[in-house]
Each structure stands twice: as structure tokens, then as C-alpha cells.
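So the structure is just underneath, and the comments pick up after that.
Labels below follow one simple rule: chain letters A, B, ... track the order of the sequence lines, proteins then strands, and each chain is numbered from 1. Below, each value reflects all heavy atoms present in this structure, side chains not excepted, and no hydrogens, waters or symmetry copies.
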Amino acid sequence: MSDPRSDAAFLTRNAATAQPAGALEQRLKAAVDEGRQLRVKLGIDPTAPDVHLGHVVVLQKLREFQDLGHRVVLIVGDYTARVGDPSGRSATRPVLSPEEIDRNARTYQDQALRVLRNEPDLLEVRRNGEWLDMSMDAFLTLARIPKVAQLLERDDFAKRYAGGKPISLLEFVYPLLQGYDSVAIDADVELGGTDQTFNLLFGRDVQRAEGKPEQTVLTMPLLVGTDGSQKMSKSLGNHIGITEPAGEIFGRTMRIPDELIDPWADLLGMDLSSAEGQGPRERKRALARALCDRFAGAGEGEKAQDAFDRLFKDREIPDDIPLHGITGSVHLPALLADAFGVSRSEGRRSITQGGVRVNGDTWPSERLDVDAHELRDAVLQLGKRRFVKLVIEG
RNA sequence: GGGGGGAUGUCCGAGUGGUUAAAGGAGACGGGCUGUAAACCCGUUGGCUCUGCCUACACAGGUUCGAAUCCUGUUCCCCCCA
């Protein structure tokens, strides 16, 4: 807890980079000498309130700083969200109203607190509107800092510029604003994914220009998503949200390629020692259990695993399945549509392909209409994992 | 202000008057296999009252027997020149 060297080694063990070299250890040492906490910054974007495992990598690192007694400063980018970031190819990002930003920020905080410690000494939440809502005068002074050539060095800008793709002035200004956040809150350390490297380092330039000590930058590798190839992101649909039900977390984790087991455990801080020395199947199950316990609640891992085994290993029908009322004569495609939220055509297709079962038996593809009484209390199944119990209504 | 390019199904992306509900890929879904909701193989993938009908290629009109494909206008996006 008080040895800067081992603390630094611990904190950087799974980080992508810590810049400049050795700076973190010095910081930690200075903190001990001066008897103060480090201020560890993370900027968050209030436009996407769903926290997934990709975010957890960085949050987990923040948690480790907290556990060592340091103070995490979350910066809600409310001001920047109000302006609307045109970043990347997503042409027009919606400009959020103050109410939406508030709601998103709160949602994010609630979720982030499943990883972070919510103690007044260890967590500080700020809005960058507090200081970015500045005068033109102040802004222009700031605007002297970045040099266009420097901004153009940044990889994605360089590529887009070379390729004749648009870059808005606002995008150019973003790193500056983000860097100014570091000035405003006196960041000692800033965390982010490797994709944020430029912005994080740029924060140092802004700090220097403002006569402040330059922050140490710690970047974390990006977590590969469930598809096993691209970084986890909501828009790619390869994410696992930390508020998802345990069954979902478990199942989707079981779906990741085996090569991802160790990187995930490492970056997410999951302990797989219970499956030490065992094969990928057991190790993956241990990982899935650990994630459920961590995010859905203690004990949820066991439960999710049991349910998973029953469903996929033993091909049994799960016990708590939702009820669905039927009445009169039933058109099966319509029933599937109602019960599972697919279109009737999709339902019809599934029947044709043998993907619909009633009480475990494949439904014959010719039969599309049936009297409700014939399906009384039957279990209707679509595919491998969607079930509904039919009850007569009225 | 001037010139040019573009807008296609969930996404990417072919297609420039006629078997085009629209190639191909991704994704998704179903089936097989499996330790797995992985990999791999096979199939499906606009909607519907389904051997047919309806709606679709930015929007609105027009030309034509017939258009995503040609014309006119509108909207939005991008590039270049000023």
C-alpha cells in the first residue's frame, strides 16, 4: 500500500502503456512523501449510458487506484455532449438536452459504481460545463496551444486528411477541451483506452501551457468483443452490458473464443484460480461465473451455470419461463410473432425450417392453424433458447 | 458564389431501362455437430390472410408497354475552386 515501486508495478501490470516511463512510480512516491492522494482522471461521455465490459477495463483500473487510497475524478462531458461531437463517420450525433445529459450521467454513475467505490474521499464527479462554459477571450487564449501540424499527426486525422475525408473544426478542438479538463481538476494521472492515447497525451501539453504539472498517462488495452475480433462496442453489438441478467452474461461469455479467456480475466480483474490448470471449458465457465457474481450479484454465477447446463448440455426445458395467453383458434406464425417479437414471416420461416417445438417435439411445417385447446399448457419453443408456456385465456 | 460527386434492403456494397425483392460480404436467425450461445457445415434473411399478393432502391412528380436504372424539382451529405 505504501511502496511506490510495487504499487506502480501492480498498476501497470496489464496496462498498454504508462507514459512517460517511470512517471507513475515517481507520482506514487511523491504522493507518499507529501501525504496526499493522487487525482486520477477519467472522462466519460454522457451520450452512451450503457456501461459494458469494455468500459469496465478502465473502471477496474480506477478501482485499483482507489484501493491504494487515491482519488478518482470522473468528468462528465456534459458541455461537449451539448455541443454534439461529430467524431468519426457517424455523421450527426444528436445534440443532447441538459435533462438527457443529467439522466445519462446519473445512469452512467450508477453503473460505474458497480466497479468503483463510492466513498467521498475516493470519488469525485465533476461536469466539464463547470469550466468549459468560458468566455471567447479565454477560449482564444487556449486556442493558441494546439498546433495544426501536431493535430494532424494524430492517426485518424492523418488518415482522414490524406483520404480527403472531412474533419470538422470542432473535432480539432476536442482534444483541447479534454486537455483543459485535466488543467481544471489538477489531474495527476489520466486513464483511457489505447484509442485515447493522443487525447490523453495532449492533456499534458495543455497542462504545461497553463503552467501546471503534466499528468501521467496510463492507457489500457481495448477489450476484444464477443465476436473475438473487434474492440467491444455497443454499436458493433459485440458487448456485454454489466446490467444484463446473469443468464445473458453467462451465455454470452461462454460464446467468446477460447483465446479470449485469459485476456478478459486479466483486463477485467477476474480471478480464475478455481479453474487453475483445467481446460478451456472449465476456465471459461469460471470466467462466466465470476462475471455474473461480480455484476449480477453473488451466487448468480452458480445459478446461471445450472440454467445454462440444463438448457444447452441436457437440452431440457428451463423451469421459469414466461406465460403467454392464447384463445380460440391460433395461427401459429401470429402466435410466434406475439410471443417472441419476431415478424409473422419470420415465424413462418422458423416453422418451415424445423425451428419451432411444442413440448419438445418439432412442429410439423404444414400445420399453421390449430385450436387453442390443443396447445393448452404446452411449452412453445423457438430455436434453442426462447420458450413460452401457453395458457388458455379467458 | 461557382463546378463536380453521392444518397440502394439491418450494415457495407454491386447494379445504369426488362426473369431484380434486387449480386456479394457482414450481421442476424434456423438446423446439424460440439465442452460451448465457439469453430465448422447446411439453410434462411422486406411484409402478409403465402404455390399468390403488397410494399421497396433519399423525397415528389414525369417519360416509357416497362425504371433502382432516363428527365425535372426538392432535401441531405461530400469534394474542389472562390
Side-chain angles (χ1 to χ4, degrees), chain A residues 53 84 86 88-94 159-169 171 224-230 232-241 244-264 275 278-289 291-292 301 304-316 318 328-358 360-370 380-387:
Chain A
L53 296 182
R89 54 245 102 200
S90 58
T92 39
R93 197 174 276 194
K159 274 198 203 111
R160 281 198 275 162
Y161 189 65
K165 298 261 174 58
I167 301 171
S168 78
L169 187 55
E171 285 178 88
V224 174
T226 54
D227 61 353
S229 57
Q230 290 176 282
M232 182 173 286
S233 90
K234 197 179 171 190
S235 55
L236 291 173
N238 61 359
H239 65 296
I240 297 178
E244 292 185 48
E248 205 51 36
I249 294 177
F250 191 93
R252 296 176 58 111
T253 302
M254 287 307 287
R255 179 148 90 133
I256 65 174
D258 293 352
E259 312 82 72
L260 246 45
I261 298 173
D262 288 322
W264 273 39
Q278 301 190 57
R281 185 182 103 100
E282 282 314 315
R283 294 172 51 72
K284 198 188 286 183
R285 284 159 72 88
L287 173 64
R289 281 198 309 273
L291 289 171
C292 290
Q305 177 171 300
D306 288 346
F308 182 87
D309 284 348
R310 240 174 296 136
L311 187 52
F312 295 105
K313 266 178 84 181
D314 309 327
R315 289 290 170 102
E316 281 175 17
S329 91
V330 176
H331 184 59
L332 225 48
L335 174 59
L336 291 167
D338 285 355
F340 302 113
V342 298
S343 76
R344 292 180 179 201
S345 292
E346 276 177 89
R348 193 174 288 110
R349 254 178 252 135
S350 294
I351 296 170
T352 310
Q353 297 183 124
V356 173
R357 291 189 172 84
V358 171
D361 298 321
T362 304
W363 190 258
S365 58
E366 330 72 66
R367 294 198 66 194
L368 294 186
D369 292 283
V370 60
L380 178 69
Q381 179 180 358
L382 175 61
K384 290 189 176 84
R385 47 188 294 229
R386 284 178 282 186
F387 298 88

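As rounded to whole Å, 14 Å separates atom C1' of B:A39 from atom CD1 of A:Ile256. To the nearest angstrom, C1' of B:A37 lies 13 Å from CG of A:Asp309. The distance between atom CG of A:Asp262 and atom P of B:A38, rounded to the nearest whole Å, is 20 Å. Regarding A:Trp264, its CH2 atom lies at a distance of 14 Å from the C1' atom of B:U36, rounded to whole Å. A straight line from CG of A:Leu332 to P of B:C48 spans 14 Å, rounded to a whole angstrom. The nearest whole Å value for the distance from the CD1 atom in A:Ile240 to the C1' atom in B:A38 is 13 Å.
Of the candidates B:U36, B:U44, B:U49, B:U36 carries the atom nearest the A:Phe308 side chain, counting heavy atoms from C-beta on.
Across A:Arg285 and A:Phe250, no two heavy atoms sit closer than the pair O-CE1, 4.0 Å. Between A:His239 and A:Arg252, the shortest heavy-atom contact is O-NH2, 2.6 Å.
Atom P of B:A22 sits at a distance of 28 Å from the matching atom of B:G32, rounded to the whole Å. Separating the C1' atom of B:C33 from that of B:G43 is a span of 15 Å, rounded to the nearest Å. Comparing the same atom, P, in B:C11 and in B:C59 gives a spacing of 14 Å after rounding to whole Å. Rounded to a whole angstrom, the distance from the P atom of B:U8 to that of B:C40 is 30 Å. Here, B:A21 and B:C54 have their C1' atoms 12 Å apart, quoted to the whole Å. Nucleotides B:A68 and B:C57 have their P atoms positioned 7 Å apart, rounded to a whole Å.
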In 5'-to-3' order, the base (B), backbone-only (S) or no-contact (-) status of each nucleotide in nucleotides 21-35 of chain B, using a 4.0 angstrom heavy-atom cut-off, is --------SSS-BBB
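Heavy atoms of A:Gly247 sit under 4.0 angstrom from at least one base atom. Across all strands shown, A:Ser345 has heavy atoms under 4.0 Å from base atoms, whether or not it also approaches the sugar-phosphate.
Each of A:Ala337 and A:Glu248 has a nearest nucleotide on RNA chain B; the 5'-most of these lies closest to A:Glu248. Checking A:Arg344 against A:Leu311, the closest nucleotide of RNA chain B that is more toward the 5' end is the one next to A:Leu311.
Between B:G47 and A:Arg349, a contact under 4.0 Å exists linking OP1 or OP2 to a side-chain N or O.
Using a 4.5 Å heavy-atom cutoff, the side chains of A:Val342 and A:Arg386 are in contact. With contacts defined as side-chain heavy-atom distances shorter than 4.5 Å, the pair A:Asp258/A:Lys284 qualifies. Between A:Leu311 and A:Phe387, some side-chain heavy-atom pair lies under the 4.5 Å cut-off. Residues A:Leu291 and A:Leu53 are in side-chain contact: their nearest non-hydrogen atoms beyond the backbone lie under 4.5 Å apart.
Counting only Watson-Crick and G-U wobble pairs whose two distances sit under 3.5 Å, RNA chain B takes part in these stems of three or more pairs: B:1-7 with B:75-81, B:10-12 with B:24-26, B:27-32 with B:40-45, B:46-48 with B:52-54, B:58-62 with B:70-74.
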